[in-house]
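From a predicted model like this one, the values you see are computed outputs, not experimental measurements. Within every chain, numbering begins at 1; the chains are lettered A, B, ... in the order of the sequence lines, protein sequences first and strands thereafter.
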Amino acid sequence: MSDKPVRVRFAPSPTGKLHIGGARTAIYNWAFARANGGTFILRIDDTDPTRSTDENTQVILRAMRWLGLDWDEGPEVGGDYGPYFQTERLDVYRDAARKLVDEGRAYYCFCTPEKLEADRKAAQERHDPFQGYQRTCRDIDPAEAQRRVDAGEPYTIRIKVPQDRGDVVVHDAVHGDVTFNARELDDFIIFRSDGTPTYNFATVVDDADMGITHIIRGDDHLSNTPRQVMVYEALGAPVPVFAHISMILGADGKKLSKRHGATSVEEYRDAGYLSDAFVNYLALLGWALDGDTTIVPRDVLASRFSLDHVSKNPATFDPEKLDWVNGQYLQAMDDSTFSSEILMPQLVAAGLESEGTPAHDSAWYDLLSSLLKPRTTLAPQVVEKARFLYEGDEVTLDEKSVSKNIAKEGVSACLEAAREALEAIDADGWHAEAIDAALEELPERLGVGKRKVFQAVRVAECGNQVSPPLGASMELLGRDTSLARLTRAMPLAG
RNA sequence: GUCCCCAUCGUCUAGCGGCCUAGGACGCCACCCUUUCAAGGUGGAUAUCACGGGUUCGAAUCCCGUUGGGGGCACCA
């Protein structure tokens, strides 16, 4: 490994939203930089003008911020190695390519796409194991080539892979040394005839220029790496350490795509996942702190992440485990945090509360939070669980719950007794403990099962046989509403 | 076709030659707690470590091969 200060980069191309796979790559880069006191750079690889958009760039930046992956250099923060958009660096590539041509490490190629296609077919037909570029223009005299360029003939620029290069060894922090034979590498195009650089050239020029020491990226680039090594060598730049991480698969073992549901980071944000939980889950998809830890907070990730615990296997994305991790982070919040960051925004979004003017005092929301928190794995779930508190005297009664718990023989007497017991509590004493205490003695007094009494009251109060704890729910409803709901349910009782 | 990568419970993984009759987590089941649902606690089922050969006193761990997945071989990134 390099002893230079670590500099890593995440270089998405703005041809779409930030996907789960890209997000994990970004997380690993960020965590690696943080854990090594290095620099995390964000670069936008927008050399494909037809598919790149400013809007996508904005979406990616927003997703990065939501993930909490702060970059030290890049868009909006600047840095000494800018610009950080490839489209603003065209001169850099042009100069680099020209230098390579001048040094004889690259050359002009005048082959038409049609000729290349024909060559490829011919190679295929004669079962030539080498089906790449046939090096037609490699030996054109440089002066002659320059003349044709000056005359306006269309050309591309190709890298000149040294004939005697032998094995190209890629040093990969997760795969170890991976050896390729340079003879399998063709003289690939580094500059297109339209005057724009190709990906394999532009990234290397940038990575060399920006002093990137470690390249952490998707597995799909591993086969491209020896090509890129050729460019580093031609440029006379040090070759960085690579770390190729595996892909993320859907439940069917196929590469994650739209068919598997949400794939972009913003969809998860909008669904109500916590940034911390999402980052935690993704970090663990292909990396482990040790054999036991499943909750790895951001700061631990930023101090303990290391490349040698990155898995080589492709990982299947498991939404259920994500939900569990999210629930863990929710449980770890204190009630007032849960109240202000989860509960309130959701209630406002659902139209049950209005922004800035809460219907109750903060103690009320804290109590509600303490009830809902353990029952929540995903923020929006609080809405349906809290809805019954916002329906006044006319709570919506679930039909099945009524028929199973209220429309039964003897329930009438239960509700009657409950009302009586509760009426004895005055407004000042209307608290969960008192309510529970009042209800607690009823079953024995009436000679019926606890379940019968409590479930009947529950349905009357909450509208459903499944609800948060009864006493506390009634405290939240208040004395008047609680009694009114009880009265209202009585005609339904058997 | 060719080159490269990968292979431990359903899933994410621990494991870097003896501690492994393979550990943890999600999910699943049961029990405890309990007025419902959760949360929490306890316990359980699920892996012939893809297969076949080696190397070794000893292999999930090293080597070779096979099979199965994946990726590259573009004037895409």
Side-chain angles (χ1 to χ4, degrees), chain A residues 11-13 15 45-48 50-52 109 111-113 116-117 120 123-124 127-133 154-158 170 172 175 178-181 184-186 188-194 196-200 202-203 218-227 244 246-247 249 251 253-255 281 284-295 308-309 311-325 327 331 371-377 385 401 405 436 439-440 443 449-459 462 464-471:
Chain A
S13 63
T15 54
D45 282 7
D46 55 353
T47 42
D48 183 351
T50 55
R51 296 196 298 150
S52 299
C109 169
C111 297
T112 61
L116 296 174
E117 185 53 34
R120 211 176 348 255
Q124 237 164 59
H127 299 290
D128 191 329
F130 182 81
Q131 297 188 2
Y133 178 61
Y155 66 92
T156 60
I157 301 177
R158 289 180 181 273
V170 173
D172 192 292
H175 292 275
V178 182
T179 305
F180 298 83
N181 193 318
E184 283 139 18
L185 268 26
D186 62 356
F188 60 95
I189 292 175
I190 60 174
F191 244 83
R192 302 184 189 103
S193 53
D194 66 357
T196 59
T198 58
Y199 166 80
N200 278 136
T203 27
D219 235 352
D220 46 337
H221 290 288
L222 183 52
S223 296
N224 274 325
T225 307
R227 271 170 249 286
H244 286 97
S246 63
M247 322 226 95
L249 274 23
K254 296 260 161 47
K255 196 179 164 184
Y281 174 72
L284 250 36
L285 206 55
W287 173 78
L289 178 60
D290 52 45
D292 304 306
T293 315
T294 48
I295 298 300
D308 46 70
H309 278 93
S311 168
K312 292 188 274 204
N313 316 346
T316 304
F317 186 79
D318 180 5
E320 286 188 327
K321 191 156 185 177
L322 203 213
D323 285 354
W324 177 81
V325 173
Q331 301 320 313
L371 302 183
L372 298 188
K373 200 173 62 178
R375 293 169 174 76
T376 309
T377 53
K385 295 188 198 304
S401 297
N405 302 282
D436 284 330
L439 259 21
E440 188 61 38
K450 283 185 168 185
R451 204 185 171 94
K452 189 164 193 171
V453 177
F454 283 98
Q455 286 301 82
V457 175
R458 183 186 307 283
V459 175
C462 307
N464 200 294
Q465 60 190 355
V466 175
S467 85
L470 195 45

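- Atom CE of A/M247 and atom P of B/G72 are 8 Å apart (whole Å).
- Checked against B/C75, B/C4, B/C37, the side chain of A/R375 finds its nearest nucleotide in B/C37.
- Remark: the separation of the C1' atoms in B/A39 and B/C33 is 11 Å, to the nearest Å.
- The nucleotide whose nearest atom lies closest to any side-chain atom of A/H175 is, among B/C5, B/G24, B/G72, B/C5.
- Figure legend. B/A7 is base-paired to B/U67; pairs are counted as Watson-Crick or G-U wobble with both atom distances under 3.5 Å.
- The side chain of A/R458 lies closest to B/U35, out of B/A77, B/U35, B/C4.
- Note that CG of A/L322 and CD of A/E320 are 11.0 Å apart. Values are rounded to the nearest 0.5 Å.
- For the C1' atoms, the distance from B/U8 to B/U13 is 9 Å, rounded to whole Å.
- Of the nucleotides present, none pairs with B/A47 by Watson-Crick or G-U wobble criteria with both distances under 3.5 Å.
- A sub-4.0 Å separation between OP1 or OP2 of B/C6 and a side-chain N or O of A/K312 is present.
- Each of B/C3, B/C75, B/U36 was ranked by its minimum atom distance to the side chain of A/F180; first place goes to B/C3.
- Take the nearest nucleotide of RNA chain B for A/L284 and for A/R120: the residue whose nucleotide is more 5' is A/L284.
- Where A/D290 and A/L470 meet RNA chain B, the nucleotide closest to each residue was compared, and A/D290 sits on the side nearer the 5' end.
- Rounded to a whole Å, the CD1 atom of A/I157 is 12 Å from the C1' atom of B/C75.
- In this structure, B/U55 makes no Watson-Crick or G-U wobble pair, since no nucleotide meets both defining distances under 3.5 angstrom.
- Base pairing of B/C73: its partner is B/G1, meeting the Watson-Crick or G-U wobble criterion (both donor-acceptor distances under 3.5 Å).
- Comparing B/G27, B/C12, B/G71 by their closest approach to the side chain of A/S223 singles out B/G71.
- Not one side-chain nitrogen or oxygen of A/T294 sits closer than 4.0 Å to the OP1 or OP2 atom of B/G24.
- Judged by distance alone, the side chains of A/T196 and A/D194 do bring a donor and an acceptor atom under 3.5 Å apart.
- As rounded to whole Å, 11 Å separates atom P of B/C73 from atom NE2 of A/H221.
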